[in-house]
Colleague: 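Provided herewith is a single structure, encoded as structure tokens, for subsequent inquiry.
Chain identifiers are assigned alphabetically (A, B, ...) following the order of the sequence lines, protein sequences preceding nucleic acid strands; residue numbering begins at 1 within each chain.
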Amino acid sequence: MKKNLATKYDHSAVEEGRYDKWVKAGYFTAGDKSKDPFTIVIPPPNVTGILHIGHAWDNTLQDIISRYKRMQGFDMLYLPGMDHAGIATQARVDARLKSEGISRYDIGREKFLERAWQWKEEYAATIRKQWAKLGNSLDYTRERFTMDEGFNDAVRHVFVTLYNEGLIYRGWRIINWDPEARTALSNIEVNYQDDPGKMYYMRYRVSETGKEFTVATTRPETMFGDVCVVVNPKDERFKDMIGMHTVNPANGEELPIIGDDYVDIEFGTGAMKCTPAHDPNDFLIAERHGLSKPICMNPDGTMNALAGVFEGMDRYECRDQLIDRIKAEGNLIKIEDITHNVAHSERTNCVVEPYLSQQWFVKMKPLAEDVLAHQKNEEEKIHFYPERFEKVFSQWLENIEDWCISRQLWWGHRIPAWYNKETGETYVSETAPEDPENWVQDEDVLDTWFSSALWPFSTLGWPEETEDYQRYYPTSTMVTGYDIIFFWVARMAFQGRHFTKNRPFRDVLIHGLIRDAKGRKMSKSLGNGIDPMEVIDQYGVDSLRFFLTTNSTPGQDMRYIPEKVEASWNFINKLWNASRFVLMNLPDDMTMKDVDLSVLSSSDAWILSKLNLVLDHVTENMEKYEFALVGNELYSFVWNDFCSWYIELSKASLSDTDPSVVKGAQSTLLVMLNSIVRLLHPFMPFVTEEIYQMMPHEKESICLETWPEKTANLPVTDLEGMDRLISVISKIREVKTANDLKPGTHLDIVIRDLDGNTVQVGATERAMLERLAKVSYCPDLAGELSVHPVTGGSLYIPSGQLMDVEAETLRLNQEKDRLEKELDRSEKILSNKGFLAKAPKEKVDSEKQKQTDYRRQLDAVLARLSELGR
RNA sequence: GGAGGCUUAGCUCAGCUGGGAGAGCGCACCCUUCACAGGGGUGAUGUCGCAGGUUCGAGUCCUGUAGCCUCCACCA
């Protein structure tokens with residue numbers, strides 16, 4: 001079992017082969033029915049590529065919760081899976097084909113899908129390797145894919161059900177069209193950004209009167225789809241024109257002039273051209289007035305026959321040439337440079353065209369309202385951590401519009417709708433029509449988020465009433481970034497509510513984005529992305545995990561700072577060496593059964609009682625997903641309390657002549673290390689497993705260990721005396737530094753308590769003083785003694801061993817000032833009647849206690865000063 | 001236009017339900033066999049953005065305000 005540890009933590013040696021062993025042993029396979037279930041489903045990564053550091057962050061948070069819950073005795077299911085990521089993957093496969101000099105249209109739908117599946121398998125394998133490197137405790141026996149058989153069934157079932165309920169419909173609407181990908185997009189798949197543009201002002205004439213007026217547009221090419229000019233009926237300038245006509249400068253066609261309240265009198269020229277097929281507001285105007293909606297563009301962004309001579313020309317080229325012509329005809333008044341908000345496709349980044357087309361939609365209002373109603377009930381609501389994101393979520397649902405779910409792609413779930421070749425009748429069903437020769441299936445596929453929305457329940461077997469679904473649903477905690485609250489969290493919420501009559505998860509932990517060291521978003525174009533695998537190679541995955549989870553507050557962005565990863569490495573190295581020390585000082589044959597805490601030195605009891613406190617805080621914060629607080633507390637506890645103080649103090653106990661003292665220290669060291677590695681295991685699974693295996697232990701793996709519990713019935717020892725001893729050691733170090741004495745300089749000391757009585761110090765504690773402060777304890781010390789206030793008393797050192805009288809007087813006067821200031825503060829607070837009357841009793845008592853202590857310490861200082869004759 | 005976040009030590013950030021300002025890195029000085037020099041010890045540095053208010057007491061709660069950032073909506 002035990003072996004010698006290297007003096008330096010070597011992450012590659014520690015991590016080597018470990019994950020495979022865990023997986024093979026089945027530690028991550030859920031299913032122990034004797035325990036309560038706890039479920040996390042992984043947010044399925046896209047099979048478009050490899051995992052970035054954001055995934056590493058997201059996954060580590062999930063894994064920390066998973067390992068913690070497993071240790072707490074839950075039947076933990078952490079379910080893995082991947083997303084087919086329709087448009088994104090199709091774009092990647094397209095690009096690969098292009099590099100081979102072919103397009104998807106050359107090989108056709110079927111062949112293309114073969115290539116896409118090939119791509120999927122390739123990247124799925126890479127992603128699984130990356131999960132392994134990250135140490136994710138996933139149950140691979142339950143891995144799912146959004147396009148596997150079960151998912152296909154679930155998606156069809158959902159589509160057909162919603163259709164039959166009237167919540168899915170097909171219709172002609174203005175949608176966001178991506179001319180590059182040649183597909184419709186949903187509202188949230190477009191991003192608005194400020195772009196430079198031009199406003200073109202053109203001269204129109206009223207046919208009936210010849211009166212001139214101005215119409216402006218940013219998109220002249222759409223003029224081929226204009227059906228009227230609109231003015232506000234209340235607009236004094238134009239109201240007489242209503243009912244008259246004008247001529248479209250683009251094609252010479254006569255257009256009616258109509259009145260509609262939509263036009264803002266104050267804005268622009270007050271007269272607006274109306275293109276129903278290429279603008280959502282114009283569409284509504286046309287609906288109101290019963291106007292036609294001619295489309296003037298092709299799906300690829302070129303002009304169609306309506307554009308006459310410009311047919312086949314790119315929309316921007318057409319814009320320029322049309323304007324040249326209008327200018328030549330004398331109808332261009334001016335061109336103004338403007339900055340305007342332009343919609344871009346989230347995927348291809350090309351300018352999105354509002355476009356009239358026939359698509360499938362989900363009617364959102366009833367679904368959203370259902371979720372919102374349940375958010376009012378504590379037992380049924382989804383709890384957001386941090387809470388503020390619930391507002392973001394709710395507000396979006398309150399203002400939701402119908403969801404365009406059809407996509408003109410090949411990679412995805414084909415819409416289960418067929419159209420009769422003869423009658424045009426629509427047939428929507430989970431299965432194909434019985435006479436397929438008479439029907440043709442809808443060519444389109446569903447938005448990739450349509451299937452992701454079913455993730456928390458479909459992965460568990462739904463719509464079948466499987467054992468897993470019944471046991472693990474609703475899931476416990478969802479961990480994801482704020483950037484996909486709308487895309488994903490909200491959609492899981494309403495599909496979950498509608499189909500399972502339940503929330504898909506009880507809690508959702510929202511994290512931020514990871515940025516580069518300068519605070520910039522990581523992006524391909526900037527080339528500032530961090531590959532988590534490279535970080536792992538350099539520092540080890542435990543360092544990365546600890547860095548990622550202890551450097552931010554929930555919901556807040558984080559910067560990737562290499563020095564902080566290094567700091568994590570240093571901490572692990574510290575833990576490693578502390579383990580080394582413990583193992584070197586335990587008997588070879590010691591087991592956990594040999595632990596005996598019945599006889600303990602005050603330092604043993606002191607550290608164990610500190611551990612008890614830490615356990616309370618840590619467990620409380622783990623429950624609140626406050627991992628940074630947990631990490632910081634463990635860091636400081638391990639480094640300062642355990643390593644800097646307890647281990648150093650234990651060196652004295654370990655060389656004590658009394659075997660029971662030695663035994664107590666060894667038992668304490670073992671209990672401490674055992675508890676520490678268990679507490680840190682969720683954060684750093686690899687190194688804690690390595691240490692666990694080398695030290696006395698009870699379980700086959702630390703993965704099977706329980707979460708530490710407080711040590712009960714600690715023997716009553718002098719904990720205050722220990723605090724005083726620690727304070728004395730620090731004070732001696734200070735005194736030596738202040739007196740320019742080498743740390744090794746030997747001094748004699750005596751300690752007196754606050755009542756002035758000499759403190760009796762046992763042999764073990766004397767050895768500690770000797771070891772940590774290089775002083776001898778002399779209860780009978782006599783002669784000139786300089787006084788130094790410490791916690792719970794005063795420290796005395798022969799003044800001859802320190803500095804001259806003048807220097808000591810100076811120092812004592814400084815002490816006096818300090819103590820008097822403290823006393824001032826105490827008196828100020830304690831003479832405040834409001835404080836005495838309203839502050840909690842414990843607070844008042846502790847202030848009184850402090851006042852007494854300061855008073856006594858000051859007395860000791862004053863006594864010495866008068867001894868020195870001031 | 002609406003919503004939210006941030007502003008605390010030179011840098012990056014903690015600070016939970018209000019009760020004497022913290023961490024990591026950096027900086028200064030000192031210390032090497034005895035777990036760790038990627039270490040140990042000691043120390044310096046903050047009108048907690050600004051202005052009001054509530055309170056016995058405010059970095060923490062309320063109101064207003066400035067700067068930076070994000071999301072939502074969006075008019076030719």
Colleague: Have a look at A:A578 and say if it touches a base, only the backbone sugar-phosphate, or nothing, with a 4.0 Å heavy-atom cut-off.
Modeller: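 Base contact.
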Colleague: Does A:K391 put a side-chain nitrogen or oxygen below 4.0 Å from OP1 or OP2 of B:G4?
Modeller: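 Yes, because at least one side-chain N or O of A:K391 sits under 4.0 Å from OP1 or OP2 of B:G4.
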Colleague: Heavy atoms under 4.0 Å, any strand shown: does A:E648 hit a base, just sugar-phosphate, or nothing?
Modeller: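 A:E648: base contact, heavy atoms under 4.0 Å.
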Colleague: So, taking the atom named CG in A:D194 and the one named CG in A:N341, what distance separates them when rounded to the nearest 0.5 Å?
Modeller: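 A:D194 CG to A:N341 CG: 5.0 Å, rounded to 0.5 Å.
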Colleague: Look at all strands and tell whether A:Y9 reaches a base, only sugar-phosphate, or nothing, counting heavy atoms closer than 4.0 Å.
Modeller: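 The answer is nothing, as A:Y9 stays clear of every strand by at least 4.0 Å.
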Colleague: Given the structure, check if the side chain of A:N281 and the base of B:C75 hold any donor-acceptor pair shorter than 3.5 Å.
Modeller: no
Colleague: For the side chain of A:W639, counting heavy atoms from C-beta on, which of B:G4, B:G39, B:G20 is nearest?
Modeller: B:G39
Colleague: Taking the minimum atom-to-atom distance to the side chain of A:D264, which one of B:A76, B:C36, B:G19 wins?
Modeller: B:A76
Colleague: RNA chain B in dot-bracket, Watson-Crick or G-U pairs under 3.5 Å, [ ] crossing, | other strand?
Modeller: (((((((..((((.....[..)))).(((((.......))))).....(((((..]....))))))))))))....
Colleague: Using only modelled atom types and a 3.5 angstrom limit, is any donor from either the side chain of A:E633 or the base of B:A14 paired with an acceptor on the other?
Modeller: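 For A:E633, whose side chain was compared with the base of B:A14, there is no donor-acceptor pair (under 3.5 Å).
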Colleague: Both A:I188 and A:Y262 contact RNA chain B. Taking the nearest nucleotide for each, which residue is further toward the 5' end?
Modeller: A:I188
Colleague: Compile the donor-acceptor pairs under 3.5 Å between side chains in residues 391-400 of chain A and protein atoms, sequence neighbours left out, one pair per line.
Modeller:
from, atom 1, to, atom 2, distance (Å)
A:S394, OG, A:E390, O, 2.9
A:N399, ND2, A:Q395, O, 2.9

Colleague: NA contact type, A:S846, heavy-atom cut-off 4.0 Å: base, sugar-phosphate, or nothing?
Modeller: nothing
Colleague: Output yes when A:R559 and A:D516 qualify as a salt bridge under the 4.0 Å nitrogen-oxygen rule, no when they do not.
Modeller: no
Colleague: Centre of A:W57's six-membered ring, under 6.0 Å away, within 45 degrees of the axis: is that where NZ or CZ of A:R545 sits?
Modeller: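 No, A:R545 does not sit over the ring of A:W57.
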Colleague: Could you check whether A:N832 gets within reach of a base, just the sugar-phosphate, or nothing at all, counting any heavy atom under 4.0 Å?
Modeller: sugar-phosphate
Colleague: Do A:F547 and A:W569 make the cut of ring centroids closer than 6.0 angstrom?
Modeller: no
Colleague: Counting just side-chain N and O atoms, does A:K574 come under 4.0 Å of either OP1 or OP2 of B:G40?
Modeller: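 Yes, such a contact exists.
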Colleague: Atom CD in A:E626, atom CD in A:E633: separation rounded to 0.5 Å?
Modeller: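 One gets 12.5 Å once the value is rounded to the nearest 0.5 Å.
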Colleague: Tell whether A:K850 reaches the base of B:G20 with its side chain through a donor-acceptor pair below 3.5 angstrom.
Modeller: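 Checked by distance alone, the answer is yes.
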Colleague: Record whether the side chain of A:R825 comes under 3.5 Å of the base of B:G20 through a donor-acceptor pair of N or O atoms.
Modeller: yes
Colleague: Quick one: the side chain of A:Y854 and the base of B:G20, do they pair up donor-acceptor inside 3.5 Å?
Modeller: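 Between B:G20 and A:Y854, which were checked side chain against base, a qualifying N/O pair under 3.5 Å is present.
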Colleague: Please give the distance between the P atoms of B:A23 and B:U70 as a whole number of Å.
Modeller: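 Taking atom P in both B:A23 and B:U70, they lie 32 Å apart.
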Colleague: Show each protein N/O and nucleotides 10-13 of chain B N/O combination with a separation under 3.5 Å, one pair to a line.
Modeller:
from, atom 1, to, atom 2, distance (Å)
B:U12, O3', A:R559, NE, 3.4
B:U12, O2, A:K564, NZ, 3.0
B:C13, OP1, A:R559, NE, 2.8

Colleague: When all nucleic acid strands are considered with a 4.0 Å heavy-atom cut-off, which category describes A:Y646: base, sugar-phosphate, or nothing?
Modeller: nothing
Colleague: Would you indicate, yes or no, if B:A35 has its OP1 or OP2 atom less than 4.0 angstrom from a side-chain nitrogen or oxygen of A:K651?
Modeller: yes
Colleague: Taking for each residue the nucleotide of RNA chain B bearing the nearest heavy atom, is the 5' side occupied by A:E626 or by A:V392?
Modeller: A:E626
Colleague: Please determine whether any donor N or O and acceptor N or O are separated by less than 3.5 Å between the side chain of A:E822 and the base of B:G20.
Modeller: yes
